[in-house]
Amino acid sequence: MKIVIATRNAHKLEEIHAIFNFQGLEVCSARDFPDVPDTIEDRDTFEGNAIKKAQELCEATGLMAMADDSGLEVETLDGEPGVYSARYAGEPCNYAANNAKLLRELEGKENRRARFRTVIALARPGEKPLTVEGKCEGVIIDELRGSHGFGYDPLFVPDGFEQTFAELPAEVKNKISHRANALAEASKHWKHFFQSLDTK
Ligand code: IMP
């Protein structure tokens, strides 16, 4: 049994491998299918985008496919940037411009609560897609700190820590992040499903 992961990002793939137990499934990624076009992420929820990505890859390859969609939700901005996290300051995705826009939007705001969210979808030929979710709660600070990671990491301090995601070592972020939590949920909820495939 083979599963394809909907990413061309080697770093993301490594992170998924480190956390997720595929129970003896053969794992490949979208990098192995260069002719399959990337999904247009035009749904208005993380779940909608993750399902769309997984289903399109499943249909194009005939394989079981796993996809994730993530972003930052800021409480006082009614959940923005949300599904628009990558292109908050416009296309193409520019992390520095996104962070600058977020700081402008939060100027003078007292409530700095925010959370990262990830939804992972699993699409199987001829079956309904499955989804799980992971979160990481924290606050947005008012200056950029740290150089690790990507995206909004220099502005996000997770609950229980004083450093931003960009200051914390990757091993720490990868234990507590929204993606890690979603992958742990997937391992927990889909374990029996993968075990049953393994014996077929
Ligand atoms: P994706 O769905 O994982 O590609 O994430 C979409 C966007 O959300 C990224 O371009 C980032 O702006 C933001 N994002 C997602 N995960 C993280 C993270 O772990 N740290 C910082 N920003 C993130």
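Order of listing sets the numbers, starting from 1, for every ligand and every atom in it.
- Across the listed options Phe116, Phe46, Phe150, Phe150 owns the non-hydrogen atom lying nearest to atom 11 (C) of ligand 1.
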Verify salt bridge (Lys or Arg N to Asp or Glu O under 4.0 Å) between Glu41 and Lys52, making sure each step is shown before the conclusion.
CA-CA 8 Å; Glu41 297 178 28; Lys52 187 178 180 199; over 6 Å; no
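- Near Asp153, meaning under 4.0 Å from any of its heavy atoms, are these atoms of ligand 1: 18 (C), 19 (O), 20 (N), 21 (C).
- Protein heavy atom nearest atom 2 (O) of ligand 1, with residue, atom name and distance: Ser70 N, 2.9 Å.
- Remark: distances from the non-hydrogen atoms of Gly71 to ligand 1 include one below 4.0 Å.
- Not one N or O of Lys53 is nearer than 3.5 Å to an N or O of ligand 1, by distance alone.
- Contact annotation: Leu72 has no heavy atom less than 4.0 Å from any atom of ligand 1.
- Near Lys12, meaning under 4.0 Å from one of its heavy atoms, ligand 1 places the atoms 1 (P), 3 (O), 4 (O).
- The heavy atom nearest to atom 13 (C) of ligand 1, considering only Phe165, Phe156, Tyr152, Tyr84, is found in Tyr152.
- Of all the heavy atoms of Tyr88, none lies under 4.0 Å from any atom of ligand 1, so neither backbone nor side chain is involved.
- The shortest N or O to N or O distance between Tyr95 and ligand 1 is not under 3.5 Å.
- Shown here for Gly62 and Pro125, the closest heavy-atom pair between the two residues is O-CG, 3.6 Å.
- The two residues Lys53 and Ala67 come nearest to each other via the heavy atoms CB-CB, 3.6 Å.
- In this structure, Phe46 has no ring-ring contact (aromatic ring centres under 6.0 Å, His included) partners at least two apart in sequence or on a different chain.
- What sits closest to atom 8 (O) of ligand 1 on the protein, heavy atoms only, is Ser85 CB, 3.4 Å.
- The protein heavy-atom contact nearest to atom 16 (N) of ligand 1 is His178 NE2, 3.1 Å.
- At least one N or O atom of Arg179 sits closer than 3.5 Å to an N or O atom of ligand 1.
- Here the CZ-NZ distance, from Arg179 to Lys12, works out to 6.0 Å after rounding to the nearest 0.5 Å.
- The residues Arg104 and Glu107 are annotated as not salt-bridged, no charged nitrogen and carboxylate oxygen being separated by less than 4.0 angstrom.
- Listed by number with element, the atoms of ligand 1 under 4.0 Å from a non-hydrogen atom of Lys173 are 18 (C), 19 (O), 20 (N).
- The ligand atoms of ligand 1 that sit less than 4.0 angstrom from a heavy atom of Gly151 are 21 (C), 22 (N).
- Using a 4.5 Å cut-off on side-chain heavy atoms (C-beta onward), Asn99 and Leu144 make contact.
- When all heavy atoms of Asn111 and Thr76 are compared, the pair lying nearest together is O-CG2, 3.5 Å.
- Expressed to the nearest 0.5 Å, how far CG of Asp153 lies from CD of Gln163 amounts to 12.5 Å.
- Taken to the nearest 0.5 Å, the CZ atom of Phe33 stands 5.0 Å off from the CG atom of Leu63.
- Each of the following atoms of ligand 1 lies closer than 4.0 Å to a heavy atom of Asp69: 2 (O).
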